[in-house]
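Each chain gets a letter, A, B and so on, in the order its sequence line appears, and its residues count up from 1.
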Amino acid sequence: QSVLTQAPSASGTPGQRVTISCSGSSSNIESNTVSWYQQIPGKAPKLLIYSNNQRPSGVPDRFSGSKSGTSASLAINGLQSEDEADYFCAAWDDSLNGRYVFGTGTKVIVL
Amino acid sequence: EVQLVESGGGLVKPGGSLRLSCAASGFTFSSYSMNWVRQAPGKGLEWVSSISGGTTYIYYADSLKGRFTISRDNAKNSLYLQMNSLRAEDTAVYYCVREAVAATCFEYWGQGTLVTVSS
C-alpha cells in the first residue's frame with residue numbers, strides 16, 4: 001500500500017549519474033518535505049537526504065535531492081559499487097488524519 | 001551514540017498477540033517522536049505508527065485497523081508496540097525509528113526484530 005511511486009530499478013556503470021524519481025500527490029510530496037533512505041540488503045535503512053535536499057553529516061556529496069510539485073528526485077553522481085542498494089523516498093501525508101508514506105523502492109544496480 | 005535495540009519478536013500463531021520493545025540510549029528520549037516501521041520479507045518499507053515525545057500525538061497506519069497500540073515510557077527510555085489479532089500479512093521485520101527534531105524524517109533506525117505469524 002505504498003502511496004509514493006518509484007521505478008523498480010535503475011542502473012549505471014561506475015562514474016555515471018543515476019536519477020531516481022518519486023511520484024506522489026498534493027497531500028504528501030507537494031505539501032511536505034521529502035526524505036530518502038538507502039538500504040543495503042540485510043541491513044537497516046539509513047537516512048540519505050532530508051528536507052528535500054539536505055544531507056546528514058557523513059553522507060557523501062555525490063548524493064543530492066530535489067523536489068518539484070508532486071515529485072521528488074534523488075541523484076547519485078559518480079556512481080560507485082557500494083551504492084548498489086535499495087532506495088526509498090518518504091513523506092508525511094496530510095490525508096486520513098495524517099500518516100507517513102513510503103515509496104515503492106528502487107533497486108540501483110551498478111553494472 | 002544513538003542506539004535503538006528492538007526485542008520481543010518471534011513466531012506467533014494467527015490471532016495471537018506480541019509486544020515489541022525498543023530500548024533507546026545516547027539521546028534525550030523524551031524529546032523525540034518515535035516510530036515503528038516494518039518490512040515484509042522481500043518487500044518495501046511500511047510505516048506502522050508514530051508517537052510524540054510527550055505522547056500527545058499518536059498516529060497509526062490505516063491498514064492496522066485498531067489492532068496495534070504504540071506506547072512509550074520516557075522514564076525507562078523505551079518504546080513499545082502491542083500487536084493483537086495478528087495475521088500472516090503482519091510477518092515482517094519491525095524497526096524502531098527515531099525522528100529528527102527539526103525535520104520530518106526518520107533519522108536513526110534500530111536493527112529490527114522479526115515477527116513471524118504462522119500456524
Closest-packed option against chain B by number of heavy-atom pairs under 4.5 Å, given A/Thr33, A/Leu47, A/Ile49 = A/Leu47
message = Tell me which of these, A/Gly98, A/Ser35, A/Pro45, A/Pro41, has more heavy-atom pairs under 4.5 Å with chain B than the rest.
response =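 Greatest number of close heavy-atom pairs with chain B: A/Pro45.
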ask   = Pick from B/Gln111, B/Gln39, B/Lys43: which one has the most heavy-atom pairs with chain A under 4.5 Å?
value = B/Gln39
message = Using 0.5 Å steps for rounding, measure from the OH atom of B/Tyr95 to the CD atom of A/Gln39.
response =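 These two atoms lie 5.0 Å from each other.
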Hydrophobic cluster membership, [X] vs [Y], 4.5 Å side-chain cutoff:
X	Y	answer
B/Tyr108	B/Tyr32	yes
B/Leu20	B/Tyr80	no
A/Val110	A/Trp36	yes
B/Leu45	A/Ile40	no
B/Phe68	B/Ile51	yes

ask   = Between A/Tyr50 and B/Cys105, which heavy-atom pair has the shortest distance, and what is it?
value =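 Answer, listing the atom of A/Tyr50 first, then B/Cys105: CB-SG, 3.7 Å.
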Contact summary for A/Ala44 and B/Gly110, nearest pair of heavy atoms = CB-O, 3.2 Å
task = May I ask you to decide if B/Val37's main-chain N or O and A/Tyr100's side chain share a donor-acceptor pair within less than 3.5 Å?
result =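 Not at all, since once roles are kept as given, no pair shorter than 3.5 Å links the two residues.
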ask   = Is the ring centre of A/Phe88 less than 6.0 Å from the ring centre of B/Phe106?
value = no
